[in-house]
Amino acid sequence: MSGKKPEKNKIEEKIERVEQKLEAAAEALETKFEQIGRSLETAAVAVEEKLETAVDAVEEKLESIEARLSGRETRLERAYEGAADPGDIIIEAQGLMKHFPRSKERGAKNDVIRAVDGVDLSIVRGETLGVVGESGCGKSTAARCLIGLLPPTQGSVSLYGSDINAADKNARRALRRHTGMIFQDPYGSLDPRMTVAGIVSEPLRAYNLANNKKERLLRALDMIEACGLQADDLFKFPHQFSGGQRQRVCIARALIADPSLVVCDEAVSALDVSIQAQIVNLLVDLRETRDLTYAFISHDLEVVHFIADRVAVMYLGRIVEMARKEDLFASPKHPYTVMLLESAPVFGRKALDVDLSETPELSPEELRTGCRFRNRCPQAKPECYNADPVLRQFGKAHAAACHLL
């Protein structure tokens with residue numbers, strides 16, 4: 001019996017040591033839980049502070065966008081009532097003409113192609129001016145003249161009140177920095193040898209708007225993410241993207257220098273319908289968040305009706321009608337505008353079938369006198385052959401050039 005007592009004592013000692021360890025572990029665990037609780041409380045406070053900061057930032061941004069939208073509506077109404085402040089006008093063209101010499105092979109050495117032949121227009125800050133018309137009417141040429149890509153044959157283009165073409169080389173370059181252009185072809189307008197980083201940041205380098213390559217890269221990253229692309233797209237080449245993605249790259253390049261006026265030259269016509277909707281929505285979002293002004297050139301009337309505030313209708317180098325989109329689509333004045341709207345495919349309505357195969361082309365001499373639409377107008381009268389109609393006002397911000405009105 002005496003031999004078993006020491007073993008019992010050892011067992012009791014072991015139990016005591018285990019109990020002590022368990023108590024120490026429990027205390028350590030309790031201490032750890034208390035530390036975790038304090039850490040969670042600290043983290044919760046930090047998250048709450050960050051959340052409040054984020055909410056405040058979002059609210060501030062929304063208030064800023066709301067204020068810009070309110071200011072935009074005020075500027076547009078003021079301009080449409082004919083009382084625009086000088087500071088409201090981004091760009092203005094007066095008597096704009098662009099003529100190209102005809103090919104000598106056609107036997108017309110002294111004749112010219114009157115691509116743009118007397119265009120007067122102005123675009124208000126924050127406005128989207130839609131320019132529509134058939135192919136060859138001169139809308140793309142007029143847009144290139146507006147931002148200085150083509151020198152006009154005659155007339156003036158003023159950006160922020162300064163004549164672009166009358167300025168010297170340095171001043172013209174400084175003015176053109178405030179303009180951007182999105183071209184029709186997302187495949188042909190991107191250099192296949194350059195990465196997206198190089199393409200998008202090129203305006204920063206050209207206009208010396210960044211201190212170094214790192215800054216250009218960071219700004220290009222921010223810009224492509226704003227246009228719906230990802231960071232790893234920076235180092236890809238154009239051939240690795242779809243058409244819609246390429247057009248996003250083109251938009252990022254056009255906006256990287258923070259322009260005030262962006263010309264969209266058939267920016268969605270080369271894309272699938274579903275992709276068109278995405279790009280148009282992107283352009284609208286960027287307009288609201290960045291306070292952009294668009295000259296939106298298109299032959300797609302549905303797209304123009306969605307995005308534009310005001311619409312100019314061009315025919316053979318002239319603006320034949322200009323109005324707010326609601327007025328133009330609801331009550332067109334010029335016979336050409338009526339024909340254009342009726343020929344557009346609309347669900348539930350049969351499009352007007354217009355046969356132009358036998359429509360005679362006006363000679364250069366005929367273009368100098370009379371209405372340019374007279375050979376296609378079903379209501380043409382003798383006056384239309386002798387006198388050139390001028391734009392006349394028909395209500396607020398609605399003008400048309402027609403002898404029938």
Parallel, tilted or perpendicular, judged at 30° and 60°: which one describes the rings of His239 and Phe237? parallel

Any side-chain to backbone donor/acceptor pair from Glu81 onto Arg78? Under 3.5 Å, distance only. no

Calculate, to the nearest 0.5 Å, the distance between atoms CD and CD belonging to Glu48 and Glu52 respectively. 5.0 Å

Spell out, as yes or no, whether a donor-acceptor pair under 3.5 Å connects the side chain of Asp309 to the backbone of Thr128. yes

Using a 3.5 Å distance criterion without hydrogens, assess whether the side chain of Asp185 forms a donor-acceptor pair with backbone atoms of Tyr187. yes

Is it true that the side chains of Glu127 and Tyr80 contain a donor and an acceptor less than 3.5 Å apart? yes

Does NZ belonging to Lys381 count more than 12 external heavy atoms closer than 6.0 Å? yes

Quick one: does any side-chain atom of Arg374 pair with a main-chain N or O of Cys371 as donor and acceptor, under 3.5 Å? yes

Would Gln276 and Val303 count as a side-chain contact (heavy atoms from CB on, under 4.5 Å) if you check the C-alpha gap in whole Å, the side-chain angles of each, and the deciding distance to 0.1 Å? CA-CA 9 Å; Gln276 284 185 10; Val303 174; 4.2 Å; yes

Got a donor-acceptor contact below 3.5 angstrom from the Arg372 side chain to the Tyr315 backbone? no

With the side chain counted from C-beta on, respond yes when Leu121 and Met322 share a heavy-atom pair under 4.5 Å apart, and no when they do not. yes

Could you tell me whether Lys325 sits above the aromatic face of Phe329, with NZ or CZ closer than 6.0 angstrom to the six-membered ring centre and within 45 degrees of the axis? no

Using atom types as modelled, flag every donor-acceptor pair under 3.5 Å from a side chain in residues 145-154 to any protein atom, sequence neighbours excluded.
residue : atom : partner : partner atom : Å
Thr153  : OG1  : His99   : N            : 2.8

Whether the side chain of Asn212 engages the backbone of Glu215 through a donor-acceptor N/O pair (distance < 3.5 Å, no angle test) should be reported. yes

How long is the straight-line distance from SG of Cys264 back to CE of Met181, given to the nearest 0.5 Å? 9.0 Å

Could you please spell out the steps behind the side-chain contact (heavy atoms from CB on, under 4.5 Å) verdict for Gln379 and Cys384? CA-CA 9 Å; Gln379 307 173 58; Cys384 300; over 6 Å; no

Atom pair SG (Cys250) and CG (Leu255), whose distance is rounded to the nearest 0.5 Å: 11.0 Å

Has the side chain of Arg125 got a donor or acceptor atom that lies under 3.5 Å from a matching backbone atom of Ile90? no

What's the shortest heavy-atom distance between Ala226 and Leu286, and which atoms? O-CD2, 4.2 Å

Go through the side-chain N and O atoms of His299 and Glu266 and say whether any donor and acceptor fall under 3.5 Å apart. yes

A side-chain contact here means heavy atoms from C-beta on lying under 4.5 Å apart; do Cys402 and His334 qualify? yes

Any chance you could measure Ile251, atom CD1, to Ile182, atom CD1, to the nearest 0.5 Å? 4.5 Å

Tell me, which pairs form a side-chain hydrogen bond (donor to acceptor under 3.5 Å, both in side chains) where one or both residues lie in residues 216-225, sequence neighbours left out? none

So, Ser158 and Glu92: side-chain donor and acceptor under 3.5 Å apart, yes or no? no

Indicate yes or no: at least one non-hydrogen side-chain atom of Leu217 is less than 4.5 angstrom from one of Phe235. yes

Over 12 non-hydrogen atoms of neighbours within 6.0 angstrom of CZ in Arg38: yes

Classify the side-chain pair Tyr160/Ser260 by whether it contains a donor and acceptor separated by less than 3.5 Å. yes

Working to the nearest 0.5 Å, report the span between CG of Leu29 and CG of Leu22. 11.5 Å

If I compare all heavy atoms of Ala142 with all of Leu96, which pair ends up nearest, and what's the gap? O-CD2, 4.2 Å

For Leu340 versus Glu134, what's the shortest heavy-atom pair and its separation? CD1-CG, 4.2 Å

Side-chain heavy-atom pair Leu391, Ile319 within 4.5 angstrom cut-off: yes

When every non-hydrogen atom of Gln184 is compared with those of Ser269, the smallest separation belongs to NE2-OG, 3.2 Å

Are Asp85 and Arg75 ion-paired here, with the side-chain N under 4.0 Å from a carboxylate O? no

For the backbone of Gly126 and the side chain of Thr293, can you confirm whether one donor and one acceptor N or O come within less than 3.5 Å of each other? yes

Are the side chains of Val304 and Phe296 in contact, using a 4.5 Å heavy-atom criterion? yes

After noting the C-alpha distance and the side-chain angles of Arg176 and Tyr207, does the key distance pass the side-chain contact (heavy atoms from CB on, under 4.5 Å) rule? CA-CA 10 Å; Arg176 284 184 58 187; Tyr207 293 117; 4.2 Å; yes

Got a sec, which residues hit ring pair (Phe, Tyr, Trp, His ring centres under 6.0 Å) with Tyr294, two or more places apart in sequence or on another chain? none

Tested for side chain to side chain donor-acceptor pair (under 3.5 Å) against His398, the lone hit among Arg324, Arg392, Glu321 is Glu321

Checking salt bridge (Lys or Arg N to Asp or Glu O under 4.0 Å) for the pair Asp117/Lys98: CA distance, chi angles, key distance, verdict? CA-CA 6 Å; Asp117 201 24; Lys98 182 59 182 179; over 6 Å; no

Worked verdict on Val313 versus Tyr336 for side-chain contact (heavy atoms from CB on, under 4.5 Å): CA-CA 9 Å; Val313 182; Tyr336 175 65; 3.7 Å; yes

Under a 4.5 Å cut-off applied to non-hydrogen side-chain atoms, are Asn165 and Val157 in contact? yes

Shortest non-hydrogen contact from Met223 to Ile256? CB-CD1, 3.6 Å

Taking every non-hydrogen atom, the tightest pair across Ala295 and Leu261: N-CD1, 4.2 Å

Out of curiosity, Phe183 CZ to Leu190 CG, how far, rounded to the nearest 0.5 Å? 10.5 Å

Is any side-chain heavy atom of Ile279 closer than 4.5 Å to one of Arg248? yes

Side chains of Ile224 and Val249, heavy atoms from C-beta outward: is any pair under 4.5 Å? no

Compute whether any side-chain donor of one residue and acceptor of the other, for Asp265 and Ser140, lie under 3.5 angstrom apart. yes

Within the distance-only criterion (no hydrogens, no angle test), does the side chain of Asp272 pair as donor or acceptor with the backbone N or O of Ile275 below 3.5 angstrom? no

Judged by atom type as modelled, is there a donor-acceptor pair below 3.5 Å linking the side chain of Arg287 to the main-chain atoms of Ile307? yes

